[in-house]
Undergrad: 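Encoded as structure tokens, here's the structure I'll be asking about.
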Amino acid sequence: MANTTSTPVSADSNLTARALREGFYAGLISLGLFVLFVGLKTDQNILNELILVQRWGLLAIFVAVAAVGRFAMVAYIRPFMERQKVTNLVTGLLPDSVATRFFKLPVFIAAAVIGLGLMIFGGTISASISPTAGAYLSLIRGAAVVYTLASVFFYFRAYIVANFSMLAIIALILYPPVILALTGVQGSLKWVDNFGVQILIYVMLAWGLNIVVGLAGLLDLGYVAFYAVGAYSYALLSSYFGLSFWILLPLAGILAAFWGMILGFPVLRLKGDYLAIVTLAFGEIIRLVLINWTEVTKGTFGVSGIPKATLFGIKFDASKDGFAALMGLPMSSAYYKIFLFYLILALALLTAFVSIRLRRMPIGRAWEALREDEIACRSLGINTVTTKLTAFSIGAMFGGFAGSFFAVRQGFVSPESFVFLESAIILAIVVLGGMGSLVGIAVAAAVMIGGTELLREMSLLKQIFGEDFTPELYRMLLFGIAMIVVMVWKPRGFVGSREPTAFLRERKSVSGSFTKEGHG
Amino acid sequence: MEYFVQQLVNGLTLGSIYGLIAIGYTMVYGIIGMVNFAHGDIFMLGGFSALIVYLLLLSVFGGIPIALALFVMIIVAMLMTGLWNWVIEKMAYRPLRGSFRLAPLITAIGMSIALSNFIQVTQGPRNKPIPSMVSSVYEVFGISISLKQIIIVLVTAVLLTIFWYIVNHTPLGRAQRATEQDRKMAALLGIDVDKTISITFVMGAALAAVAGTMYLMYYGVIVFTDGFTPGVKAFTAAVLGGIGSLPGAVLGGIMIGLIESLWSAYFTIDYKDVATFSILAVVLIFKPSGILGRPEVEKV
């Protein structure tokens, strides 16, 4: 008995001692890591010579954050997580989850009222106060809106999870009009273009790559090549031959599919990492050719002045028979952006529809069989050559569609847009979302791309860190860190379950860990 | 003929740098079967450590003998990147060991993005030029060989000898080879597998740091994006030589260096990377296990 009563006390002091020790080590290690890179900065003086600028204060902050963070992790967060798994002795229930404690009804009502109030009166209030306070006000408004939406999601999670696809499609269709109503014609530009269209392009690319990586299990690190082929086919064919977007969209897809076949053919024998490195090499080759073949592609200057798309021959410009004039609306580029939004939404949904239907066809089953076990697949008489080539070319085709859409949206293409980083981002979205799960991939694209885009909006950070602080600079740093954190936290992606297409009696979701990742 | 030999010398120098980086790829791949995409950025980090140490030495001591400065730069850069790679392995790769194959690849790509942007944020996005550290050039039979090239090839050769000795003739090397062959069996025989893998990462990073220092000395400039292209080429070298094989990595590195300098000398310099990657593709298509690699036997 004596033993049981004394254990918690000694465990407690042990824990604190251990936490202190680990915090100390963490501080020491981070001192070692950051002393050269954070403590000193190389800078150029007036004579263009490199000099060192000392920043010991910043280094101290880094070290302190690491030490305190590690201490809190060992002393409080980990024990808390452990306690969450232990049932109460009296009631026999698990303690309330963090989410139930976080989302409380009174707080929800308060947040909804504050968010709504600031949405309506925010403009008048911020006009009469200093910009700093205004920035804080917009932060509060943002937090309240996010909390309200998150609570709604939390309370209706069962319904939302069950009908996610339908709800998401309805929400996306309603998104432009709602944004138009909330922010006005000019204000909607940013939300429809930077968030809507940008995220949907990545959703489409990731769904296209999912056919190659998620279904057929072929690791492709050069997917951006097909995106580039699509974009340049539209840019060059429209500027040299004056063909319209609606003719070139399918053509770009076909050309990209053709390239998928050409690049797929030599790599048929390769597996796993070898396949990855060769596809990476092909992606780089296509980019280098685009840079150096200046007679046709204009090299690093890129192709500019790419014609816009039209809607049944109606142009989106200021002319008399342009879209705005015909509809009796004031002229604004926002309508073109909204048109592009619906266009990419339609293209993305087409990608999803085709990959869902293909999965149930013999070819889709062959892809999944190939992913699970290539040798067994071949022994059962499946032609692995055609199986791999169709996966490559169909995946490439959607990359080509997305590419020609990208060209028409930007009005400008240059090799800068098709670097390896883009391939890495698309692959990361596919894996983070959960390979093979379309919903998970869409969520991952929204979180990763939308999250980094949101950083541009953080004007508050400028108020805190000074005017020369540019949040955009931290976008890719945070993107990289987020990739690591999500992968370590959920190696199987956001959506950890898969729906097999072949089943006995009833359809059931299985854990993602049952699916293989393929070896080639 | 002299022109040709001159290009061979240049290619050998470049290839030594690629070879040093390629060893890190090949060792990590050999021991845990993962492509450490962040390795190129570790190389860049090594170059930056050397740069900062050099500036620090200049500002503290003024004129310092260049040989001593280089020595200090190499040692500090090795320690620095060794520590970084140790932490990276512990935080980003170890939790995913035993998970499916793509998971560590994705964290490695994320780590590569994070590292290069970390340097961009903390050190600024501009090129960092330094005045030429070593400038003597010797004329031998009409070929000009700079002292830089001699240093690079010598340092590479010395390090490779040390490294070859460690891997083949020490208990540590034995543990590494055992872990590479069969991790579970090695653990059963009393080898601390986690520690061995950590040491492998630290060793690979240290060699990349040397390569980074040499790169800085050779070109006299470094920028935060410099990890990517040498990284991909070194990986290409590792694959070309047969991934998992140490002599293969060096051989592959030298081959890539030679291809690059000969192609730039006789054809157009614009397409030198296209040539490198095309040769990689061709080699892999006809001999997927690389030049010195063992063919992969698939058991059913």
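The model shown is predicted, which means the values in this text are computed figures rather than measured ones. The chains referred to below are lettered A, B, ... by the order of the sequence lines, with proteins before strands, and numbering in each begins at 1.
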Undergrad: Against chain A, label B/Leu56 side chain, backbone, both or neither, depending on which of its atoms sit under 4.5 Å from a heavy atom there.
TA: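 Both parts, heavy atoms under 4.5 Å.
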
Undergrad: Between B/Met111 and chain A, which part of the residue has a heavy atom less than 4.5 Å away: side chain, backbone, both or neither?
TA: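 Contact with chain A: backbone and side chain both.
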
Undergrad: Measure B/Met91 against the heavy atoms of chain A and call it side chain, backbone, both or neither at under 4.5 Å.
TA: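 Contact with chain A involves the backbone of B/Met91 alone.
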
Undergrad: Name every donor-acceptor pair, under 3.5 Å, that has one atom in a side chain of residues 428-436 of chain A and the other anywhere in the protein, sequence neighbours excluded.
TA:
none

Undergrad: Could you tell me which of B/Pro125, B/Ser59, B/Ser49, B/Ala108 has the largest number of non-hydrogen atom pairs under 4.5 Å with chain A?
TA: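 Looking at each option in turn, the highest pair count goes to B/Ser49.
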
Undergrad: Please look at B/Leu58 and chain A and tell me whether the side chain, the backbone, both or neither of the residue comes under 4.5 angstrom of a heavy atom of that chain.
TA: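 Neither part; nothing is under 4.5 Å.
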
Undergrad: Please tell me if the side chains of A/Glu284 and B/Phe228 come closer than 4.5 Å, counting only heavy atoms from C-beta onward.
TA: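 Side-chain contact under 4.5 Å: yes.
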
Undergrad: Would you mind telling me which of A/Phe479, A/Phe420, A/Phe282 has the largest number of heavy-atom pairs within less than 4.5 Å of chain B?
TA: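 When all of A/Phe479, A/Phe420, A/Phe282 are compared, A/Phe420 has the most.
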
Undergrad: Tell me which of these, A/Leu288, A/Val38, A/Leu280, has more heavy-atom pairs under 4.5 Å with chain B than the rest.
TA: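 When all of A/Leu288, A/Val38, A/Leu280 are compared, A/Leu288 has the most.
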
Undergrad: Applying the side chain to side chain contact (heavy atoms under 4.5 Å, CB included) criterion to B/Ile88, which one of B/Ile42, B/Leu83, B/Thr107, B/Thr81 satisfies it?
TA: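 With B/Ile88 as partner, B/Ile42, B/Leu83, B/Thr107, B/Thr81 yield a single side chain to side chain contact (heavy atoms under 4.5 Å, CB included), made by B/Ile42.
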
Undergrad: Given that the side chain runs from C-beta out, which part of B/Leu79 has a heavy atom under 4.5 Å from chain A: side chain, backbone, both or neither?
TA: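 Neither part; nothing is under 4.5 Å.
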
Undergrad: Counting heavy-atom pairs under 4.5 Å with chain A, which one of B/Val274, B/Ile109, B/Ile106 comes out on top?
TA: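 Between B/Val274, B/Ile109, B/Ile106, the count favours B/Ile106.
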
Undergrad: So how far is it from A/Leu209 CG to A/Ile425 CD1, rounded to the nearest 0.5 Å?
TA: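 Reported value, rounded in 0.5 Å steps: 13.0 Å.
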
Undergrad: For each of B/Trp86, B/Trp84, B/Tyr271, tally heavy-atom pairs with chain A at distances under 4.5 Å, and name the one with the top tally.
TA: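 Highest number of heavy-atom pairs under 4.5 Å: B/Trp84.
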
Undergrad: Side chain, backbone, both or neither: which part of B/Leu55 has a non-hydrogen atom closer than 4.5 Å to chain A?
TA: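 When you check distances to chain A, atoms from both the backbone and side chain of B/Leu55 fall under 4.5 Å.
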
Undergrad: Which bit of B/Pro104 comes within less than 4.5 Å of chain A, counting heavy atoms only: side chain, backbone, both or neither?
TA: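 Neither part.
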
Undergrad: Indicate yes or no: at least one non-hydrogen side-chain atom of B/Phe118 is less than 4.5 angstrom from one of B/Asp41.
TA: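 B/Phe118 vs B/Asp41: side chains apart.
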
Undergrad: Using the rule side chain to side chain donor-acceptor pair (under 3.5 Å), only one of B/Tyr29, B/Tyr93, B/Tyr25 pairs with B/Asn36; which is it?
TA: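 Of B/Tyr29, B/Tyr93, B/Tyr25, side chain to side chain donor-acceptor pair (under 3.5 Å) with B/Asn36 is met by B/Tyr93 alone.
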
Undergrad: Select one option (side chain, backbone, both, neither) describing which atoms of A/Trp489 are under 4.5 Å from chain B's heavy atoms.
TA: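 A/Trp489 has no heavy atom closer than 4.5 Å to chain B.
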
